[in-house]
Amino acid sequence: MTRMALEISDLRLSFEGITETTEVLHGISLSVAPEERVALVGESGSGKSVTARAVLGLLQSQKRVRMSGRIEFEGQDLAAMTSRQRQALRGSRLSMIFQDPVSSLNPVYRIQTQFHEVLKRDDPSISLEDAKRRIRPMLSEVSIAEPDRVLESFPFQLSGGMNQRVMIAMALINEPSLLIADEPGTALDVTVQDQTLRLMRRLVERRRAAVLFISHNLGIVREFSDRIYVIHTGRIVEEGPTDAVFANPGHPYTRALLAAVPRITGGDIPEIDENPSAYEAPRVVHAPAAGVA
């Protein structure tokens with residue numbers, strides 16, 4: 001059996017409030033095979049981004065967070081690692097593209113400094129000049145025509161689309177084996193969003209990286225992913241090959257999501273019921289995708 005690039009088993013996550021504790025993830029289980037592109041889909045507030053942050057270890061240090069379950073990256077239990085061990089993986093073997101490039105990049109450091117810090121995760125002794133020699137070709141790959149000008153710039157001096165390309169280049173420069181992309185391009189206009197997603201797909205294919213792609217945009221998911229997990233109120237309600245799920249959605253919530261996609265022909269868009277019980281049904285599992293153990 002193929003060892004998964006990422007395997008999450010029965011992930012439960014709660015936030016402690018002043019008077020009560022709220023569980024937001026209720027036994028999430030999903031997997032991503034090497035070189036596979038898997039989408040995690042659901043509406044805002046369904047638990048997509050908090051799942052990604054749990055994988056990266058960005059929540060474990062918070063005192064009011066309670067987490068259980070198992071998160072394995074290439075066979076290593078991430079939840080059992082120290083914060084220093086997880087930090088060593090982030091930016092090298094495990095990388096992430098966040099939703100908003102402007103808020104994700106540090107506004108007080110030049111782009112070259114931020115790239116240099118990422119490269120030092122893989123090679124602590126690399127100099128800034130050596131780093132720039134590695135960065136320039138990568139910026140060219142993301143269609144940045146003036147890499148030196150961009151490297152000398154601060155994030156606020158670049159457009160949203162340019163910052164998104166910088167984020168993609170930064171996430172891929174160490175050639176990670178797993179890339180988590182959390183709504184990449186959501187903050188951009190439709191044309192630039194399409195360009196950046198096509199660019200990201202080409203680059204991850206070239207580097208043979210596995211991808212966990214988080215999105216609420218079903219059109220993009222259908223084009224980009226091999227398999228899909230549908231998440232609703234912190235639970236996986238349906239999973240399977242993307243084409244199979246789109247052609248024959250088995251869960252009421254999946255059908256509601258697909259029905260809410262705007263059509264070129266117009267017409268009313270049905271609202272998704274905010275009551276979780278409106279979509280209660282057993283989880284639907286489609287036949288596995290070809291080549292996935």
Side-chain angles (χ1 to χ4, degrees), residues 1-2 4-13 23-55 68-72 99 178-184 186 197 201 210-263 269-293:
M1 177 177 277
T2 303
M4 293 291 132
L6 174 67
E7 188 156 17
I8 301 174
S9 304
D10 195 28
L11 177 62
R12 297 179 180 275
L13 191 142
E23 187 173 84
V24 294
L25 296 181
H26 315 286
I28 296 291
S29 294
L30 61 84
S31 62
V32 184
E35 301 182 39
E36 187 184 22
R37 294 187 299 271
V38 172
L40 182 60
V41 177
E43 62 189 312
S44 296
S46 59
K48 305 185 301 297
S49 294
V50 76
T51 300
R53 281 159 173 75
V55 171
S68 65
R70 192 170 180 86
I71 304 173
E72 289 189 0
Q99 290 186 34
L178 175 66
L179 174 68
I180 299 175
D182 186 5
E183 304 271 13
T186 296
L197 287 167
R201 179 171 186 167
V211 182
L212 178 60
F213 184 77
I214 295 170
S215 183
H216 65 272
N217 189 320
L218 295 176
I220 292 172
V221 164
R222 188 168 195 173
E223 180 182 344
F224 185 85
S225 64
D226 304 314
R227 281 194 306 124
I228 183 173
Y229 287 87
V230 181
I231 184 172
H232 174 53
T233 59
R235 297 174 176 85
I236 300 295
V237 297
E238 186 161 3
E239 61 178 280
T242 302
D243 289 342
V245 173
F246 272 80
N248 186 29
H251 196 278
Y253 178 69
T254 310
R255 293 196 291 270
L257 280 180
L258 291 172
V261 175
R263 302 292 192 268
I269 299 174
E271 293 184 4
I272 294 178
D273 199 316
E274 294 184 3
N275 181 7
S277 64
Y279 302 109
E280 286 182 355
R283 187 178 70 169
V284 178
V285 181
H286 294 258
V292 177

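What you are looking at is a predicted structure, and each value in this text was computed from that prediction instead of being measured.
- Inter-residue side-chain proximity for Glu238 and His232 is flagged as unmet; no heavy-atom pair is nearer than 4.5 Å.
- Looking only at side-chain heavy atoms (C-beta outward), Met4 and Glu72 stay at 4.5 Å or farther from each other.
- Going from atom CG of Leu25 over to atom OG1 of Thr51 covers 4.5 Å, rounded to the nearest 0.5 Å.
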Practice problem: Apply side chain to side chain contact (heavy atoms under 4.5 Å, CB included) to the pair Val50 and Leu13, showing each step before the final yes or no. | Solution: CA-CA 9 Å; Val50 76; Leu13 191 142; 4.2 Å; yes
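- Side-chain contact between Tyr229 and Ser31 is present, with heavy atoms from C-beta onward closer than 4.5 Å.
- In this structure, CG on Leu178 lies 5.5 Å from CG on Leu6, to the nearest 0.5 angstrom.
- Of all non-hydrogen atoms in Lys48 and Ser46, the two that sit nearest each other are CG-OG, 3.4 Å.
- In this structure Ser9 satisfies the side chain to side chain contact (heavy atoms under 4.5 Å, CB included) test together with Glu7, Arg70, sequence neighbours excluded.
- The closest side-chain donor-acceptor pair between Asp182 and Ser49 falls under 3.5 angstrom.
- Using a 4.5 Å cut-off on side-chain heavy atoms (C-beta onward), Val245 and Thr254 make contact.
- For the residue pair His286 and Pro241, the shortest heavy atom distance occurs at CB-CD, 3.8 Å.
- Going from atom CD1 of Ile220 over to atom CZ of Arg201 covers 12.0 Å, rounded to the nearest 0.5 Å.
- Nearest heavy-atom pair, Ala210 versus Ala5, reported as atom, atom and distance to 0.1 Å: CB-CB, 3.9 Å.
- Atom CZ of Arg227 is separated from atom CG of Leu212 by 10.0 Å, given to the nearest 0.5 angstrom.
- Residues Tyr253 and Arg255 bring no donor and acceptor atom of their side chains to less than 3.5 Å of each other.
- In this structure, the separation between CG on Asn248 and CG on Asp243 is 12.5 Å, given to the nearest 0.5 Å.
- Glu183 and His216 share a donor-acceptor pair across their side chains, judged by distance under 3.5 Å alone.
- Counting only heavy atoms from C-beta outward, the side chains of Val32 and Val211 never approach each other to under 4.5 Å.
- Val41 has its side chain within reach of Leu257: a pair of non-hydrogen atoms, C-beta onward, lies under 4.5 Å apart.
- Proximity of Val230 to Ile236: side-chain heavy atoms (C-beta onward) are nowhere separated by under 4.5 Å.
- Scanning for side chain to side chain contact (heavy atoms under 4.5 Å, CB included) contacts around Ser225 gives Ala39, Val221, Thr242, with sequence neighbours left out.
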Quiz item: Can you list the steps and then say if Val38 with Ile228 is a side chain to side chain contact (heavy atoms under 4.5 Å, CB included)?
Solution: CA-CA 6 Å; Val38 172; Ile228 183 173; over 6 Å; no
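- Under a cutoff of 6.0 Å and an axis angle of 45°, Arg37 and Phe213 do not form a cation-pi pair.
- Between the CD1 atom of Ile8 and the CD1 atom of Ile28 there is a distance of 8.0 Å, given to the nearest 0.5 Å.
- Between Ile71 and Leu11 the shortest side-chain heavy-atom distance falls below 4.5 Å.
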